[in-house]
Amino acid sequence: MIRAVAIVLLTAAAASAQGLEGFEVFDRPGDAGGTVIAAWKGVPGGDAGVEYVVSVAPAAGGEWAEVARFASTLHRKVEAPAVFGYAESNERENYCPVDGLLPAKGAPGLAKGHSLETRVRVEAFRGGVRVALSEGSASARPNWWAPQKANVLVFALLFGAGTFWLIARARRNPDVFVRRIPGLDAMEEAIGRATEMGRPIVYLNGLNGMDSISTIASVSILGQVSRRVASYDSQVLVPCYDPVVLSVSQEVLREGYTAAGRPDKFREHDAWFITQEQFSYVAAVDGLMLRERPAACFYMGYYYAESLLLAETGGSTGAIQIAGTDSVTQLPFFIATCDYTLIGEELYAASAYLSREPLQLGSLRSQDFGKIVIVAVLVLGGLVAMTGAVWFKHLFTVAS
Amino acid sequence: MEIVGAWIAVGLTLFMFSFLYKDNPFYKVGENLYVGITIGYFVIQLWYKTWIDKVWDVLTGQAHDRFVILIPVLIGALLLTRFVPKIAWMSRWAFAFVIGYGAGLAIPATLTTSVVIQAQATAKPLVTMPDRSPGAAKATENAKAAYDKAKEGAAKEDEKIRAARYRYEQSRSVSEYTFLTAYRDFTTIVIFVGVFCVLFYFFFSIEHRGPVRAFSRVGILFLMIYFGASYGNTVMGRLSLLYGRVLDLKDYSRQMYGFATPVILVLMIAVLAALHVKNKGKDEGHAA
Amino acid sequence: MLHLKRTVPLAIAFFFVVALILQYFVPHPLSEKFLGMTQKWAIIVVYVSLLLGVGSLFQSHLRKIRVQTPGWGYSLVTLSVFGLTVLAGFHSRGNSPGGPLQWTYEFAYSPMSATMFSLLGFFIASAAFRAFRARSVEATLLLATAVVIMLAQVPLGAAIPGVGSLSAWILGVPLTAAKRALMFGVALGSIATALRIIFGIERSYLGGTE
């Protein structure tokens with residue numbers, strides 16, 4: 001942890017005013033710069049009824065300017081755990097963040113986040129009489145590391161390493177067991193049914209763009225669906241909401257048909273763009289469903305309020321409907337209207353499940369590994385909390 | 001102009017509502033109009049809000065790094081290679097950028113909000129140990145005194161007594177193991193069991209048989225309660241939207257709008273009836 | 001050539017995923033500048049991609065008109081309305097108040113949008129009926145919970161003893177549990193998918209391998 005403690009100039013300016021206890025001025029750690037912090041432990045004689053006045057001045061010389069004035073009950077260190085941690089004493093100690101001073105207009109500028117060496121003076125008044133005074137200086141500068149996010153990094157590295165290990169293991173031993181997921185088995189049936197009925201399948205990728213992970217999962221499933229559609233000699237229609245998703249869908253379809261050995265059957269216009277406005281897209285897709293009367297409708301990816309308009313219309317045409325989304329607000333409507341619904345995480349498991357590719361299945365295992373870690377954390381957290389200790393909770397706090 | 005607008009608004013509203021009857025020419029016109037308008041609108045937004053504001057103004061400005069803005073334009077232009085089959089593969093570079101951007105932003109944000117913070121919120125004592133410190137006992141004592149005082153002094157002010165009693169019970173549940181403490185522990189345990197079972201439902205590496213199946217069943221039930229609550233929360237909002245739309249139609253029925261709603265409605269019904277008679281026997285009736 | 005078609009896109013995706021993850025842990029202004037720049041780029045790329053959408057729209061509607069598929073006349077409606085809206089937009093120089101684009105927005109776009117949205121009022125009831133007919137334990141539990149929560153929101157229902165507290169308990173306890181676990185699962189799933197991109201296992205977005 002980079003924590004630059006500046007030179008503390010403890011000056012007992014007047015005989016009547018002592019210094020503040022443990023006074024220090026330093027650059028705020030883990031930030032983009034611009035801020036210095038004055039912190040102190042208390043005032044000789046206790047801080048009851050004390051008012052603090054904070055002033056700043058350029059270290060190179062200049063007038064003091066008051067920047068804050070507050071009662072000792074405010075600006076406690078406990079409000080800034082990212083800087084001061086979780087010591088119990090933080091509830092009694094004070095701090096004050098101050099903007100580092102910038103060069104005057106016309107003077108040579110500083111790089112972003114840097115400030116001039118800034119003097120900070122804190123005076124303590126009790127009943128209008130100054131009882132303590134301290135001053136110090138520091139310059140603000142930007143930091144390259146946010147220590148308060150260390151716990152997130154640890155989890156990311158742990159999960160990343162776990163996934164890497166499980167994928168490597170699957171490479172050595174490709175026989176990876178995955179439980180049955182009925183919704184995904186039903187996809188196969190639905191495609192077969194479409195072939196028998198001579199009707200198409202409507203496949204939607206959701207309303208998010210290609211930058212959304214659920215859309216990535218969805219086009220990945222489309223890849224698997226298209227292979228089966230090609231080998232069953234059926235047809236899949238993919239009306240798209242986003243032009244980038246359209247292009248990726250076309251690529252994925254082409255690959256699916258090629259992988260199934262039927263590149264001649266691929267029609268690029270089976271995936272097309274409708275519009276990027278929620279309800280006009282729905283109006284067009286609903287119209288399409290009523291006219292084409294598809295044998296099956298697959299709704300994968302992320303959805304908003306339109307989910308029910310789509311699924312109810314699809315349901316009214318008698319199509320087998322399978323949805324898969326991590327949009328928690330729309331899951332209830334898919335569950336009420338669809339024959340099968342892949343709930344949340346199952347959407348992300350679908351592509352691996354359908355592809356049966358060992359490496360994909362290996363990464364699916366990492367999701368289970370993550371769940372085991374989470375359950376362990378919860379059990380441990382519950383037990384530690386019973387002892388009254390709070391350190392465990394703090395391990396999982398992303399302090400601000 | 002206002003009256004023309006009202007007639008168009010009513011007409012299009014009824015065209016879209018006619019979807020509830022079945023797919024029909026009015027709906028098809030409405031649907032295609034709607035799509036055409038939205039795409040046209042987006043193109044105008046693209047021209048003024050993106051090209052002019054975000055690209056052209058930057059390029060013609062003074063910033064020394066102004067030409068950097070051409071990079072995303074080029075990336076975007078790579079997408080247009082889709083129209084030239086020979087070089088369509090170049091569009092993949094643009095896909096890769098968009099996908100990389102999305103995944104890169106998602107990982108740390110998801111980890112923070114959905115894993116680390118959620119784990120912290122769940123890590124509560126499963127069984128609360130009474131706080132035997134003198135501070136807690138003192139707080140309970142004070143709360144009891146305040147409650148007793150409220151009972152004596154403000155006999156008629158129910159609200160005050162209730163508040164004082166609430167504070168007392170809360171205080172007591174910290175310093176002693178009371179019914180309230182037990183209820184709180186029960187709640188924590190239910191949440192814990194719920195989280196555990198739902199996570200079990202999502203477990204992919206083991207077959208859901210025997211005791212595992214029991215856990216995952218409980219998990220599904222928790223999920224259904226959640227989805228039901230979410231469903232129930234939405235109903236009133238959706239109904240009020242419909243109510244709002246019907247009110248608008250009622251508003252346009254007035255003389256000042258030339259009785260737009262009833263006139264268009266009657267005309268539409270007449271046309272649909274005529275079409276129905278004409279197509280009788282052919283139609284399968286795709287009521288939505 | 002294979003490098004250009006496959007390795008370069010994989011490298012681009014890898015670079016941006018890793019750079020943006022690292023960016024999250026680096027508060028330095030340079031890191032913020034990188035994030036801001038990438039976000040701006042993404043917005044521009046997404047907007048430019050709309051041209052691709054318009055091209056696809058034209059392709060599909062012109063094909064319908066050329067082949068004269070049933071209902072091809074409606075494609076004419078879409079294309080001509082699109083053209084008119086664009087003309088109105090240029091005439092209004094974007095969307096100036098009182099201009100033809102704003103008029104179109106107010107009297108055509110808004111009513112249609114609001115009407116499609118309001119259809120949910122009908123569908124929320126028909127979907128409930130569909131779930132009711134399913135007669136499974138899950139569907140019954142879902143509907144029963146929905147009824148309790150809904151009742152608690154209307155004065156008549158809230159007057160029934162116990163409805164208010166049951167609704168509050170559902171929202172506070174089982175809902176919290178299910179939501180939290182669902183969020184854990186979704187987070188793990190999406191992170192695993194993102195990791196598949198980093199490790200180059202998820203490459204479906206590259207389509208063909210040739």
Side-chain angles (χ1 to χ4, degrees), chain B residues 5 8-9 12-13 16 28 32-37 39-40 42-44 46 48 50 72 75-76 79 83 89 92-93 95-97 99-101 103-105 107-108 110 114-115 118 187 190-191 194-195 198-199 202 222-229 231-233 235-236 238-239 241-242 245, chain C residues 5 9 12-13 16-17 20-21 24 38 41-42 44-45 47-50 52 55 74 77-78 81-82 85-86 89 94 107-109 111-112 114-118 120-121 124 138 141-142 145-146 149-150 153 170-171 173-181 183 185 187 190-191 194 197 205-206:
Chain B
I8 290 178
L12 293 176
T13 300
M16 299 319 274
K28 286 179 189 165
N32 285 276
L33 258 164
Y34 193 6
V35 168
I37 289 174
I39 287 285
F42 277 125
V43 167
I44 292 299
L46 167 72
Y48 286 100
T50 306
I75 299 176
L79 283 170
F83 293 123
W89 55 267
R92 293 176 185 178
W93 296 6
F95 302 165
F97 166 71
I99 288 168
Y101 164 77
L105 276 189
I107 291 187
T110 313
S114 301
V115 179
Q118 292 298 317
T187 302
V190 172
I191 291 180
V195 170
V198 176
L199 281 178
F202 288 121
F222 266 91
L223 282 172
M224 289 304 144
I225 293 177
Y226 172 30
F227 296 145
Y231 200 116
N233 254 334
V235 175
M236 298 317 286
R238 298 292 185 255
L239 289 180
L241 279 173
L242 184 59
R245 208 66 217 119
Chain C
K5 287 181 178 178
I12 294 174
F16 279 100
V17 179
L20 284 164
I21 292 175
Y24 180 80
T38 322
W41 285 15
I44 293 175
V45 170
Y47 262 103
V48 176
S49 75
L50 194 61
L52 179 70
Y74 296 107
V77 174
T78 307
V81 169
F82 164 75
T85 311
V86 171
F107 293 110
Y109 171 81
M112 283 196 283
T115 308
M116 281 310 286
F117 201 4
S118 73
L120 283 170
I124 202 151
E138 287 91 347
L141 191 58
L142 186 146
T145 316
I149 301 293
M150 204 179 68
Q153 288 180 350
I170 289 172
L171 294 174
V173 183
L175 184 138
T176 307
K179 189 176 181 182
R180 204 165 274 164
M183 278 173 80
S190 59
I191 295 165
I197 294 169
Y205 61 95
L206 297 180

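Note that this is a predicted model, so its numbers are computed, not measured. Chain letters run A, B, ... following the sequence lines, proteins first, then strands; residues in each count from 1.
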For a quick test of reading the model, state the closest non-hydrogen atom pair linking B:Tyr48 to C:Gly89 and the distance between them.
CE1-O, 4.1 Å

Distance in Å, C:Thr176 OG1 paired with B:Gln118 CD, rounded so as to fall on 0.5 Å steps:
9.5 Å

Between the CD1 atom in C:Ile191 and the CD1 atom in B:Ile107, the distance rounded to the nearest 0.5 Å is 6.5 Å

Under 4.5 Å from any heavy atom of chain B, what part of C:Ile124 do you find: side chain, backbone, both or neither?
both

Do C:Met150 and B:Tyr231 have side chains that get closer than 4.5 Å, going by heavy atoms?
no

What pair of heavy atoms forms the shortest contact from B:Gly194 to C:Ala177, and how long is it?
CA-CB, 3.8 Å

Do you know which of C:Ile170, C:Ile149, C:Val48, C:Leu171 has the most heavy-atom pairs with chain B at a distance under 4.5 angstrom?
C:Ile149

Rounded distance [0.5 Å steps], CG in B:Leu46 versus OH in C:Tyr47
7.5 Å

Contact class of C:Ile197 relative to chain B, heavy atoms under 4.5 angstrom:
side chain

Considering only heavy atoms and a distance below 4.5 Å, find which of C:Pro174, C:Ala108, C:Pro111 pairs most often with chain B.
C:Pro111

Does the side chain of C:Thr85 come within less than 4.5 Å of B:Ile44's, by heavy atoms?
no

Quick one: are C:Val173 and B:Ile191 in side-chain contact, heavy atoms under 4.5 Å?
yes

Which pair of heavy atoms, one from B:Ala229 and one from C:Leu175, lies closest together, and at what distance?
CB-CD1, 3.5 Å

Side chain, backbone, both or neither: which part of C:Ser49 has an atom under 4.5 Å from a heavy atom of chain B?
both

Proximal component of C:Leu50, with respect to chain B [non-hydrogen, under 4.5 Å]
side chain

Between B:Leu239, B:Ile39, B:Thr110, which has the largest tally of heavy atom pairs under 4.5 Å with chain C?
B:Ile39

Select one option (side chain, backbone, both, neither) describing which atoms of C:Leu52 are under 4.5 Å from chain B's heavy atoms.
both

OH (B:Tyr34) and OG1 (C:Thr115) are apart, to the nearest 0.5 Å, by 8.5 Å

State, with a plain yes or no, whether a side-chain heavy atom of B:Ile37 is found less than 4.5 Å away from one of C:Phe82.
no

Measure across B:Val115 and C:Ala187 and return the closest heavy-atom pair with its distance rounded to 0.1 Å.
CG2-CB, 3.7 Å

Which atoms of B:Trp93 approach chain C - backbone, side chain, both or neither, heavy atom under 4.5 Å
both

By side chain to side chain contact (heavy atoms under 4.5 Å, CB included), which residues pair with C:Val77, not counting sequence neighbours?
B:Asn32, B:Leu33, C:Val81

Would you name the heavy atoms of B:Gly100 and C:Leu20 that are closest together and state the gap between them?
O-CD1, 4.3 Å

Parallel, tilted or perpendicular for B:Phe97 and C:Phe16, by the 30°/60° rule?
perpendicular

Hey, does C:Met112 have a side-chain heavy atom less than 4.5 Å from the side chain of B:Thr13?
no

Under 4.5 Å heavy-atom distance to chain B, tell me which part of C:Tyr24 shows up: side chain, backbone, both or neither.
side chain

To the nearest 0.5 Å, tell me how far B:Tyr226 OH sits from C:Leu142 CG.
12.0 Å

Kindly compute the distance separating CH2 (C:Trp41) from OH (B:Tyr101), expressed to the nearest 0.5 Å.
12.5 Å

Which atoms of C:Glu138 approach chain B - backbone, side chain, both or neither, heavy atom under 4.5 Å:
both

Less than 4.5 Å to any heavy atom of chain C: does that hold for the side chain of B:Phe42, its backbone, both, or neither?
both

For B:Arg245, all residues meeting salt bridge (charged side-chain N to carboxylate O under 4.0 Å, His left out), sequence neighbours excluded
B:Asp248

Would you call C:Thr38 and B:Leu105 a side-chain contact if the rule is heavy atoms closer than 4.5 Å?
no

Highest number of heavy-atom pairs under 4.5 Å with chain C among B:Thr187, B:Val235, B:Val198, B:Ile225 belongs to B:Ile225

Any idea which heavy atoms bring C:Gly55 and B:Phe83 closest together, and the distance?
CA-CZ, 3.5 Å

Per-residue tally against chain C (heavy atom, under 4.5 Å) across B:Leu242, B:Leu199, B:Leu12, B:Thr50 peaks at B:Leu242

